[in-house]
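I have placed the structure first, in the form of structure tokens, so that the comments after it can refer back to it.
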Number of protein chains: 2
Amino acid sequence: MYIYANVCYSFMKKSRTTLKDLAKELNLSASTISRALGNHPGISETTTKLVQQKAEELGFIPNSIASSFRKKKTRSIGIIVPRIDIYFHSLVISGIEDFAYKEGYNVTIFQSKDLLKREQEITKILQNKMVEGVIVCLSIETDKYDHFKKFKRLGIPLVFYDRVPTGLDVNSIVINDFESAFTATEHLITKGCKRIAHIAGNQSTAIFKSRFEGYKAALKKYKLNFDANLVGQTHNLSYEEGIIQASRFLKQTDLPDGIFCANDYTAVSALQVFMKAGVKIPDETAIVGFSNYPISRVIEPHITTINDRAYEMGAEAAKLSIRLIEDEEESIKSETISLKTELIVRESSLKNC
Amino acid sequence: MYIYANVCYSFMKKSRTTLKDLAKELNLSASTISRALGNHPGISETTTKLVQQKAEELGFIPNSIASSFRKKKTRSIGIIVPRIDIYFHSLVISGIEDFAYKEGYNVTIFQSKDLLKREQEITKILQNKMVEGVIVCLSIETDKYDHFKKFKRLGIPLVFYDRVPTGLDVNSIVINDFESAFTATEHLITKGCKRIAHIAGNQSTAIFKSRFEGYKAALKKYKLNFDANLVGQTHNLSYEEGIIQASRFLKQTDLPDGIFCANDYTAVSALQVFMKAGVKIPDETAIVGFSNYPISRVIEPHITTINDRAYEMGAEAAKLSIRLIEDEEESIKSETISLKTELIVRESSLKNC
DNA sequence: CTGAAAGCGCTTACAG
DNA sequence: CTGAAAGCGCTTACAG
């Protein structure tokens, strides 16, 4: 009789050691091995040690797919982001990964590329038991949410961040864009600005609409006139669009003495356009951005901006997601966590100082 | 006799439809269902259609964990990066995800946080069958590679990018840092620079050493003196370190008329320090960076730099990884793919134009 | 073209 | 404290 088990031809992948191999080796049952490796209290310390030593010796690595399959738990979270290479999202993902890692979860990542169709495809992929929870920032195109409904039926908790569905009862992590924009604008006002312009993001996206509203609310509170000529609408707050809008402001007979921009890229545009025209920043025109992008603390003068807590947003999303995964009773009501932002004051708004 | 199967209490997660449920429903065997869903040629078209329709109707979603387990294929790739929120890595990851997605693979991501210990932990996690291939950029601390050896034995192909093990025979995707640095320096020389400084990265990291060597080689070729005073060593090429080194250059009696910086952050520092001191960029001092960070095309004057092909690097890493996964015969020899970089000429080096 | 049966490598309820 | 047995939901070699 020939023994074929564990024969290893040099041209073959070595077959892995399994629980059974260990059991045979130690004359114990697979049950005992499994329990010993999991530090189950009902196994004697001697046996546990013995098993763990042998496991180490044979280089045993548990097959986590088998385990996931058996336990119906993958300890895996799926993320859908528009793009990974947008700094904001890379920070969020970093926060998610960090928190998940600490909790023993891993993170599988997908990019919707801001395409509804790809987002829909991805949700299909994620419904096949691969992940226990899903964290999403909606694509810019997304205007219907049917593709997310199935997760609820499957008991896979969904957490949205930043761009979240409107009018739907969902778990979400957001910042208060209205309040943040209000604070930013108010800051310009307290620095003495009376004619404040705004470079606005896409008004069909809730967060940019809120920023615009916050700007208007601050003007109102301080009884400053709202001038539609001082609002520059953009599609996606790109640097190039910022240049266009800032140049438009520059043509006004009465220049703005403050500009609140809905992101830092357009704040950079405004800064450069105005400086090139010989306008003194901040003394003649003060500028505030939004998001605390790295560039805001590098460009000169450094730009006052809003820290939008991207990393924390990710960590909170992971935290909530894992809580929902591990909560025995499915919680009925949805949660919205709103993170406090922070105004970071830098040179671009430091008048009279 | 009571039938309990598929009873769904409102407070329970609905149990999923399985292959067996479908089989029962259609009076077919599980084998046939499985094959029909997989469009196996040996199943009649009528049956295939019937099964697929019913699957759709009952909202059947195959359990991919069961399938992975059975087939011993997860169609999953693991990535270990120092940090996700570094623009370069976010671009690489984006390239990996894009290519993997097209090929039906998904991507699980881990951050080493530039800690050897965490990198080692992660490799342990990744050895448990979760992924079929692993793509790595080493942590800055990594000076031994034992924790990667096991992958080879397990038949899990490893692909390194950017920061790759030295002196080891591994699959890797890199750019030619020497050549790129040579080209960048040569560009300054052809623009008339005779006294060229260099802000260098950590010389214990191979890529930064190569950039330094490339710089020296270009000087040599054009018979320019190498002046150690014109080399600013940094630990991690931070903006702040760039400020320090550029300020040091500024104190030289004979100012450099060109600066080649090993990344774009320090190029920004040099630009700002020199401009603030009243030095005209590029006419008095021309500046070239490295990496084509977004800031390089926003700061004024825009910075000449090297496109380091981060996205393509990711795509190539994924491509190689998947090829190695799917190749039946384990290939013996390792591959190193070197991507062509590109000099992007912008205002910061456009003398005499 | 279809089905019965075995089995992937674990975990766990049950029994002792 | 330990073991025998069943089973998670698929896939596939074998048989017809």
Side-chain angles (χ1 to χ4, degrees), chain A residues 4-6 13-52 54-55 58-75 127-130 132 154-155, chain B residues 4-6 13-52 54-55 58-75 127-130 132 154-155:
Chain A
Y4 284 110
N6 276 326
K13 291 183 188 177
K14 196 180 216 165
S15 71
R16 287 168 185 258
T17 317
T18 65
L19 261 188
K20 265 191 185 165
D21 298 333
L22 261 181
K24 219 172 281 174
E25 194 79 22
L26 291 167
N27 268 321
L28 284 167
S29 73
S31 335
T32 302
I33 305 291
S34 172
R35 286 191 271 245
L37 292 170
N39 286 310
H40 188 104
I43 299 288
S44 76
E45 223 170 289
T46 347
T47 312
T48 302
K49 277 226 174 102
L50 184 76
V51 170
Q52 293 186 352
K54 199 73 182 177
L58 297 187
F60 169 74
I61 298 167
N63 180 330
S64 75
I65 299 298
S67 169
S68 288
F69 171 49
R70 176 57 229 257
K71 294 202 282 189
K72 295 170 184 297
K73 296 210 184 300
T74 57
R75 291 192 86 77
Q127 284 159 1
N128 63 7
K129 277 279 197 181
M130 218 169 61
E132 294 184 68
L154 293 170
Chain B
Y4 286 107
N6 275 324
K13 290 183 187 176
K14 197 180 215 163
S15 72
R16 287 168 184 262
T17 317
T18 67
L19 262 187
K20 264 191 183 164
D21 299 333
L22 262 180
K24 218 172 282 174
E25 194 80 21
L26 290 167
N27 268 319
L28 284 166
S29 73
S31 336
T32 303
I33 304 292
S34 173
R35 286 191 270 245
L37 291 170
N39 286 310
H40 188 105
I43 299 289
S44 74
E45 221 170 290
T46 346
T47 311
T48 301
K49 276 225 175 100
L50 184 74
V51 170
Q52 294 186 352
K54 199 73 182 178
L58 298 188
F60 170 73
I61 299 166
N63 181 329
S64 75
I65 300 296
S67 169
S68 289
F69 172 49
R70 176 57 231 257
K71 293 201 282 187
K72 294 170 187 296
K73 294 207 183 305
T74 57
R75 291 192 88 76
Q127 283 160 0
N128 62 7
K129 276 282 198 178
M130 218 170 60
E132 293 185 71
L154 293 169

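Below, read A as the first sequence line, B as the second, and so on, with proteins coming before strands; counting in each chain starts at 1. Side chains included, hydrogens not; waters and symmetry mates left out as well; all remaining heavy atoms used.
- The distance from atom CD1 of B/Ile61 to atom C1' of D/dC10 is 15 Å, rounded to the nearest whole Å.
- At a non-hydrogen distance threshold of 4.0 Å, nothing from residues 36-46 of chain B comes into contact with DNA chain D.
- Nucleotide C/dG7 holds its P atom 18 Å from the CG atom of A/Asn63, rounded to whole Å.
- With rounding to whole Å, A/Lys20 atom NZ is found 12 Å from D/dA5 atom C1'.
- For the pair A/Ile43/A/Val51, no side-chain contact is recorded, criterion being any heavy-atom separation below 4.5 Å from C-beta on.
- You'll find that the side chain of B/Thr18 is closest to D/dG9, out of C/dC10, D/dG9, D/dT2.
- When the C1' atom of D/dC8 is taken as reference, atom CD1 of A/Ile65 falls 14 Å away, rounded to whole Å.
- D/dA4 atom P lies 11 Å from atom CG of A/Asn27, rounded to whole Å.
- With a 4.5 Å cut-off on side-chain heavy atoms, A/Asn63 and A/Arg16 do not count as touching.
- Among the protein residues, B/Leu28 comes within range of the sugar-phosphate backbone only, with heavy atoms under 4.0 Å from sugar or phosphate atoms but none that close to a base.
- Annotation: C/dG9 and C/dA13 have their P atoms spaced 23 Å apart (nearest Å).
- By the stacking rule of 5.5 Å between ring centres and under 30° between planes, A/Phe69 does not stack on the base of C/dC10.
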Would you tabulate the nitrogen or oxygen pairs shorter than 3.5 Å linking the protein to nucleotides 12-14 of chain C?
from: C/dT12; atom 1: O4'; to: A/Arg70; atom 2: NH2; distance (Å): 3.4
from: C/dA13; atom 1: N6; to: A/Arg35; atom 2: NH1; distance (Å): 3.0

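- A residue-by-residue look at B/Ser29 and B/Lys72 shows that B/Ser29 has its nearest nucleotide of DNA chain C further toward the 5' end.
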Item checked: DNA chain D base-pair string [pairs: Watson-Crick or G-U under 3.5 Å; |: paired with another strand] -> |||.||||||||.|||
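- At C/dT2, one or more side-chain N or O atoms of B/Thr47 fall inside 4.0 Å of OP1 or OP2 (strictly under the cut-off).
- With hydrogens and angles disregarded, a donor-acceptor distance shorter than 3.5 Å links the side chain of A/Thr74 to the backbone of A/Met130.
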